[in-house]
Amino acid sequence: MAKLISGNDISKEVRDEIKAEIDKIRAKPEHADFTPGLAIIQVGDRSDSNVYIRNKLKKAEEVGIRAVHIKLPPSTTQDQLEAEIDRLNADDAIDGMIVQLPLETTSPIDSDSVIDRIDQRKDVDGLTRENAGRLARGELEGTIIPCTPRGCLYLVQKATGDENYVRGKKVVVIGRSKIVGSPAAALFMWHHATTTICHSRTANLKEECLQADVLVVAIGQALKVKGDWIKPGAVVIDCGINVLENEGANGKNKMVGDVDFESAKEVAGFITPVPGGVGPMTIAMLLKNTLDQARKRRLEASTGGRWSLRCLTLTPLSPVPSDIAVSRAQQPKPIDVLAREVGIFPAELDLFGRTKAKVSLDVIKRLDHVPNGKYIVVTGITPTPLGEGKSTTTIGLVQALGAHLGKNVFACVRQPSQGPTFGIKGGAAGGGYAQVIPMEEFNLHLTGDIHAITAANNLLAAAIDARMFHEATQSDEALYGRLVPPGKGGRKFSAIQLRRLRRLGIDGTDPDSLSPEERKRFARLNIDVKTITWQRVMDTNDRFLRKIEIGRGAAEKGHSRECQFDITVASEVMAILALTTGMADMRDRLGKIVVSSDTEGNPVTADDIGITGALAVLMRDAIRPNLMQTLEGTPVFVHAGPFANIAHGQSSILADKVAIKLVGPDGFVVTEAGFGADIGMEKFFNIKCRYSGLTPNAVVLVATVRALKMHGGGPPVTPGAPLNAAYLNENLELLGKGCDSNLRKQIENANKFGVPVVVGLNRFSSDSPAELDLVVKKAVEYGAFKAVVADHWAQGGSGAVDLARAVADACSQPTNFKFLYPLDKTLASKIETIAKEIYGADGIELSPEATEKLARYEKQGFGQLPICMAKTHLSLSHDPSRKGAPTGFTLPVRDVRASVGAGFVYPLCGDMQTMPGLSTRPCFFDIDIDPDTEEIDGLF
Ligand code: NAP
């Protein structure tokens, strides 16, 4: 007589375990609201489906899973059903979904395609083709085991008390459906049973069954399998659910299985009843799959645990080929794969082709409870005009941390301007074997952020001139009438106009109630044309737009004026993108942009022009960081790239904020600050960190033997000219002097902020071992936490492993981060602090113009802003020819400007070129496209 396997009891145990598990997760304060979400989609109104769904909903609620039933009419089309699945895929509250089969539908629906639409991470039925393939191949890791087969196996294991019971046994499965028979057979086989699948065409079915140590029956034929088909002592699992009409007690319907229970129980060792056998197990396993998915998606992917990143292998060649050749030789991972690896949900990703994607800022909110990773800024000593490899070191460092030390790490870098790509500079994606790939995507349009900035900037520029024109050509009353026109529901102020009224201290909300004086004040911005600082921009080096005259058309009635074009990355909109902390903040900052003063000296803002919302709309997509990858397949955010002189020269705060959550508490975010440390690092700390609230853990100061020799008194280094022999042969004297001056000062500067400094010595093939040793020794002597030689340009991440270890060590040190100056000092004294403390000046000398502007900005209420020095990056002083660590100079401040929206005041110490020009022979001579492969050539 067989032992009864009670699916009711065993499934109850499973459900109790699920409930206990959910309660345990919720007991942690950071997961107090952990509630797995299950969606059950039904098309039609089949009565058997209704019963199953009711049961699933009830049991889900009992264990603490929030289940929703989405019932669609039989007229639902495939497109509508798929749209519903897409919606649930994107719904963060949903961890699992099933489509209840069979569908009751009046339109043709391919149910396999519909089910394939379910995001793998939300599949809890395991019925997608991908999943079926994995199960068939025995890839059980990461595969969702379909509920009924999972329940069948669990019943055998529980009944026999042996997890490995089926190993080596003969299992016969009757039925080969996608839902039960086939996956059950695969599951038992991969638990090492010798499995036979039988079906309607099987010859000698009874004989096959008699061989079975475990017999699983799923045929949908009432009472088909009799006792004499069963090997004595076998385990019999009956999946069948069949209704015998009017055959139950009192003529009611009777539910029976596919096995003739009465005769089978006499022979079998164990047997499941119907009802109360497999049925309740299917529901329990559905709930278990849902919990598993919720745990994976919400907890494991979001606790900052170690990513399972598939890194790309590098085999560096010697000599190192051109950057584009190195980039092209590597096949990047599909960007959605990388996103998944680092814990970004599909709904948080907008793909731009296969190698770039925008990432939603929702990640920050979702991972709010995850502690931040370590935050590292890469900066450099005062460079030669050739650059010393900060970007390359940033990328080499993350390749080392990610691909060689197995850390979670993000690089956050700036998007380069496209102008120089066709002008003099070539690419900016790092270099050699430390690059962001594909480099042509990085260096060209990326995802259009710079174009969006161009559009927003120029909309504001157009609005300023149009407004001045309309004010100049209309009476007060006509102007007011046009600004507040009679609409359908009467005249109304728009929200932005009401804000202007409040700023003017006018209380009214009814346009007709304003006095003539109030109307005039409201309608006339009275822009003082001499004070306009807002320029037009474009992302092309076009020297002939540096000074232009606009308004020459007849329709502009002689209202022409001189103005200029800047390159787009010089736009304040770019600085705002880099400094904003979210959509509301960005809109606010765009509104605060001061475009000029009025004739009475008051600031005129973008909000006064009425354009705040429109600018935010143009910047809607640009606000999301762009995901790319390094040559070794580690993640990179490329986002924002403001000028480093008239702006702060950093990639975006938002990219850092998303990354610092994704890497988790044991991970690292490495970001680069433009120019040398006296400019880039100082602005990183005093402007960017002030606005982001993020605390840095370490500074990497990039140095090269070449630049140090220049600071030690070496001959000038000029782009395009061959390097002097002093730079190519060992010269410890020049090098030592460079270390004693510039390296020393930059290390001391970094230490002023209370953050450990690691000197990364970017190795060139001409550097001698004695030279490298000298720099390392001197750097430590002058206060570096460590100094390390790195060879990532030639070797990729493996060349920067020592640097990565030193940086990780530095990050474990306590920090005592402090700003250089408080915001409540006067603007002049803040400028003076930077000049004296960081540049080594004796003091500052303000031109009359600068003095007047500082007074004006303080009067206008902008005295609390931090300072963004616009100074040459080629010297610690204002004079590019003075190398080393100059002293005994006074810093001249020629003029001062304010980027009030971005949030800084920028003193000009010298002429700042905001529109590069093209040389006689720009890079574009070399740039071409292969018409067949569409490969781009000539970028370097
Ligand atoms: P299905 O798609 O109709 O498949 C039935 C399978 O059984 C087919 O492979 C068929 O062979 C085979 N078969 C039918 N008659 C046969 C016979 N006389 N001899 C040998 N093989 C035969 O059904 P299913 O969805 O797999 O469901 C099977 C049973 O399990 C049904 O009673 C269903 O209600 C029940 N079920 C229960 C649960 C639960 O939660 N307990 C869940 C799912 C299904 P061919 O391929 O050659 O046609």
Side-chain angles (χ1 to χ4, degrees), residues 5-8 10-11 14-15 40 42 46-60 98-103 111-112 115 124-127 132 135 144-156 172-188 195-212 215-226 229-230 236-245 253-261 271-289:
I5 308 177
S6 171
N8 282 336
I10 296 174
S11 69
V14 173
R15 293 197 314 272
I40 303 172
Q42 181 186 13
R46 279 178 64 116
S47 55
D48 54 348
S49 293
N50 289 340
V51 174
Y52 297 142
I53 291 172
R54 248 198 319 275
N55 250 328
K56 289 171 184 171
L57 294 172
K58 184 163 162 273
K59 299 286 188 249
I98 62 168
V99 177
Q100 185 73 37
L101 297 173
L103 306 171
S111 56
D112 284 327
I115 285 177
V124 281
D125 237 352
L127 301 180
L135 180 56
I144 317 303
I145 309 299
C147 304
T148 305
R150 192 177 181 186
C152 293
L153 177 65
Y154 195 78
L155 286 175
V156 175
V172 172
V173 178
I174 327 181
R176 55 179 169 180
S177 72
K178 295 172 200 164
I179 301 177
V180 189
S182 297
L187 185 66
F188 281 94
T195 306
T196 303
I197 306 176
C198 300
H199 43 78
S200 65
R201 316 289 156 83
T202 300
N204 306 325
L205 183 59
K206 179 177 172 185
E207 281 66 36
E208 294 291 347
C209 291
L210 275 166
Q211 304 288 315
L215 181 63
V216 179
V217 190
I219 51 179
Q221 304 284 325
L223 311 176
K224 170 86 179 169
V225 175
K226 309 291 182 197
W229 294 31
I230 294 167
V236 176
I237 306 292
D238 185 358
C239 300
I241 300 175
N242 309 285
V243 177
L244 302 181
E245 285 186 15
N253 292 347
K254 183 178 179 190
M255 188 190 287
V256 296
D258 294 342
V259 178
D260 176 24
F261 184 79
I271 187 165
T272 56
V274 177
V278 175
M281 283 311 291
T282 300
I283 298 183
M285 291 302 158
L286 173 68
L287 303 180
K288 204 166 165 55
N289 280 345

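Quick note: residue numbers are just sequence positions, from 1. Note that ligands are numbered from 1 as they come in the structure, with each ligand's atoms numbered from 1 the same way.
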Margin query: I need the full list of salt bridge (Lys or Arg N to Asp or Glu O under 4.0 Å) pairs touching residues 196-209, with sequence neighbours left out, sorted by first then second residue.
Written below: K206-D228
Margin query: Show me which atoms of ligand 1 lie under 4.0 Å from any heavy atom of I174.
Written below: 20 (C), 21 (N)
Check: What atoms in ligand 1 come closer than 4.0 Å to a heavy atom of T282?
Finding: 39 (C), 40 (O)
Next item on the list: Report the nearest protein non-hydrogen atom to atom 48 (O) of ligand 1: residue, atom name, distance rounded to 0.1 Å.
Entry: S200 OG, 3.6 Å
Next item on the list: Supply the atom-to-atom distance T148 OG1 to L153 CG, rounded to the nearest 0.5 angstrom.
Entry: 13.0 Å
Check: What atoms of ligand 1 come within less than 4.0 Å of a heavy atom belonging to L205?
Finding: 19 (N), 20 (C)
Item checked: Nearest protein heavy atom with distance in Å, relative to atom 29 (C) of ligand 1 -> G220 N, 3.6 Å
Notebook entry, point to check: Judged by atom type as modelled, is there a donor-acceptor pair below 3.5 Å linking the side chain of T202 to the main-chain atoms of L205?
Noted result: no
Check: Can you tell which of Q221, H199, K224, M285 gets a heavy atom nearest to atom 15 (N) of ligand 1?
Finding: Q221
Checklist line | N/O donor-acceptor pair under 3.5 Å between N289 side chain and V124 backbone | finding: yes
Notebook entry, point to check: Under 4.0 angstrom from atom 3 (O) of ligand 1, is there any protein heavy atom?
Noted result: no
Margin query: Exactly one of P149, S182, P146 should register a side-chain contact (heavy atoms from CB on, under 4.5 Å) with L135. Which one does?
Written below: P146
Check: Which atoms from ligand 1 have a heavy atom of V180 less than 4.0 Å away?
Finding: 26 (O), 43 (C), 44 (C)
Item checked: Minimum non-hydrogen distance to atom 8 (C) of ligand 1, winning option of M281, E208, R176 -> R176
Notebook entry, point to check: Would you say D258's side chain and D238's backbone share a donor-acceptor pair under 3.5 angstrom?
Noted result: no
Next item on the list: Identify, for atom 12 (C) of ligand 1, the protein heavy atom at the shortest distance, and state residue, atom and that distance.
Entry: I219 CG2, 3.7 Å
Notebook entry, point to check: Relative to ligand 1, is T148 under 4.0 angstrom through side chain, backbone, both or neither, heavy atoms considered?
Noted result: side chain
Check: Closest non-hydrogen protein atom to atom 33 (C) of ligand 1, residue and atom name please, with distance?
Finding: I241 N, 4.3 Å
Next item on the list: Output every pair passing salt bridge (Lys or Arg N to Asp or Glu O under 4.0 Å) with a member in residues 271-280, not counting sequence neighbours, ordered by first then second residue.
Entry: none
Margin query: Would you compute the distance between atom CG of L286 and atom NZ of K59 and round it to the nearest 0.5 angstrom?
Written below: 13.0 Å
Check: For the side-chain contact (heavy atoms from CB on, under 4.5 Å) test, which of M285, R150, K288 pairs with I145?
Finding: R150
Checklist line | Nearest neighbour of atom 26 (O) of ligand 1 from the list S177, C239, P275, S182, on a heavy-atom basis | finding: S177
